[in-house]
Amino acid sequence: MLRLKLHWQILIALLLAVIAGSLAGADAGVFGVRYVQIFDLFGTLFMNALKLVIVPLILSSVITGIAAVGKSRDFGRLGFKTFLYYVSTSLIAIVIGLALVNWIEPGLVDGAPARDHIGLSGDTAEIAARAEAHDSGELADVFLRLVPPNIVAAAAQGEMLGLIVFSLLFGYFATRIAEPYAGYVQGFWKGVFEIMVLITEWVMKFAPLGVFALVAKVVATTGLRAVEPLLAFFLTVVAGLAVHFLIVLPTLLLLVARVNPLRHYQAMAPALLTAFSTASSSATLPVTLECVERRAGVSHRTTSFVIPLGGSINMDGTGLYECAAALFIAQAYGVDLSTGQQFTVVLLALLTSVGVAGIPAASLVAIAIILSAVGLPLEAVGLILAIDRPLDMCRTAVNVYSDSCCAVIVGATEGETEILKG
Ligand code: ASP
């Protein structure tokens with residue numbers, strides 16, 4: 001029997017979902033149950049199943065990965081390369097957003113601020129006056145989350161950053177204890193990791209169904225009409241994401257890792273489609289790990305360090321979106337941001353993209369932080385809320401893709417020869 005590859009199955013599910021979602025709409029149903037509710041049920045089931053594996057998978061993957069490097073001096077080098085990649089690609093993405101919004105000016109209609117067209121209220125002069133240097137204390141939160149006071153609570157609340165830091169420490173010190181305990185501990189976590197990989201592979205068999213349900217629900221409830229008034233902004237963000245996804249990252253793969261970017265897209269297809277459908281890089285994490293290690297052939301040592309950490313702190317698409325959204329809102333209000341203020345936006349987009357959780361719509365909180373830092377009204381967040389979901393799907397795919405490129409680049413520069421060879 002002809003058996004389609006998983007990413008084709010998911011892609012077909014996605015297309016069918018667009019058709020089914022538009023046909024179903026928000027209200028149609030069968031036997032008194034709305035189709036949207038049915039989509040919601042299956043979509044949530046799939047999301048739950050992905051989330052279910054996250055905590056044990058992250059723990060076991062990071063612990064076993066770090067235990068493999070923990071004894072050598074490689075640890076520092078691996079960390080340095082990874083952070084260098086995270087910061088530079090996020091910054092490039094944010095600057096792309098900045099440049100495109102300044103160039104396309106989606107916040108202006110016929111040269112005038114679009115505020116009335118898109119239903120923004122508030123006195124421009126007053127808003128402009130407020131747009132002076134403000135500070136944002138919330139940034140300290142990012143650092144606080146690195147060290148959660150209770151690891152069980154952190155795991156229960158999906159505080160990935162804390163969980164990862166704990167796993168890094170655990171893995172590192174697991175290599176510092178004496179035998180036979182070191183062997184026992186490492187063997188145990190290796191076993192847990194293998195089991196979690198099998199469970200993930202099993203869950204992914206249901207991906208086409210899950211993706212269908214998730215996307216059909218979005219199409220049925222949001223529809224494509226919500227995009228219309230903000231079309232210029234929508235297209236600006238999509239163009240920026242496309243530049244990063246189709247030009248910047250593949251160029252890095254080609255120049256630094258010397259691998260074929262097309263093969264990497266192919267290897268990452270299931271993860272990209274899952275990220276797109278779930279709009280959550282955390283929920284996609286199990287699939288990303290699987291694709292990077294098993295399909296792209298990056299070593300476990302590199303994958304287990306780069307991917308969980310990247311999933312939590314490296315969000316290029318999110319940074320680009322935050323910067324573009326803040327500048328768009330300023331434009332739409334007719335507030336001219338000085339170079340210094342634009343710099344503040346870039347810096348805050350970089351820092352908050354680190355702190356944003358890998359869940360749907362998480363950027364909105366970060367955008368609110370940026371807006372208040374430059375003194376713009378928060379009500380504008382409500383405006384972009386209407387079109388946030390489709391953009392979230394796109395930026396999450398870019399977030400996940402960037403992490404995977406980091407793994408390939410770090411792996412290749414560490415001398416791994418099996419990457420994208422299969
Ligand atoms: N949904 C994004 C993610 O999970 C975060 C965001 O930009 O809202 O990667």
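FYI, side chains are in, hydrogens and waters are out, and symmetry mates aren't considered; it's all heavy atoms of this structure. Every number for a ligand or one of its atoms is a count from 1 in the order of the listing.
The atoms of ligand 1 that sit less than 4.0 Å from any heavy atom of T318 are 5 (C), 6 (C), 7 (O). Interface of A361 with ligand 1, defined as ligand atoms under 4.0 Å from a residue heavy atom, comprises 8 (O). Taking every heavy atom of R395 and a limit of under 4.0 angstrom, the matching atoms of ligand 1 come to 6 (C), 7 (O), 8 (O). Within the listing of ligand 1, atoms 4 (O) sit less than 4.0 angstrom from a heavy atom of S280. Here is the list of ligand 1 atoms found below 4.0 Å of a heavy atom in A279: 1 (N), 4 (O).
For atom 2 (C) of ligand 1, the nearest non-hydrogen atom of the protein is T396 OG1, 3.3 Å. Taking atom 1 (N) of ligand 1 as the reference point, the nearest protein heavy-atom neighbour is D392 OD1, 2.7 Å. For atom 6 (C) of ligand 1, the closest non-hydrogen atom of the protein is S363 OG, 3.1 Å.
For K205 and E201, the salt-bridge test fails: no basic side-chain N is under 4.0 Å from an acidic carboxylate O.
Of the residues listed (D316, L91, N314), the one engaging Y86 in a side-chain contact (heavy atoms from CB on, under 4.5 Å) is N314, and it is the only one.
No side-chain N or O of T284 forms a donor-acceptor pair with one of S281 less than 3.5 Å apart. Side-chain atoms of T302 and E414 include no donor-acceptor pair closer than 3.5 Å. Donor-acceptor pairing under 3.5 Å is recorded for the side chains of S402 and Y85. E290 and T200 form no side-chain donor-acceptor contact under 3.5 Å, judged by distance and modelled atom types alone.
Distance check: T352 OG1 to M315 CE gives 10.5 Å after rounding to the nearest 0.5 Å. Remark: I199 CD1 to L52 CG distance equals 7.5 Å, nearest 0.5 Å.
Only the backbone of I359 comes within 4.0 Å of ligand 1, counting heavy atoms alone; no side-chain atom from C-beta on gets that close.
Between A362 and ligand 1, at least one pair of N/O atoms sits closer than 3.5 Å. Checking only distances, S281 does come within under 3.5 Å of ligand 1, N or O to N or O.
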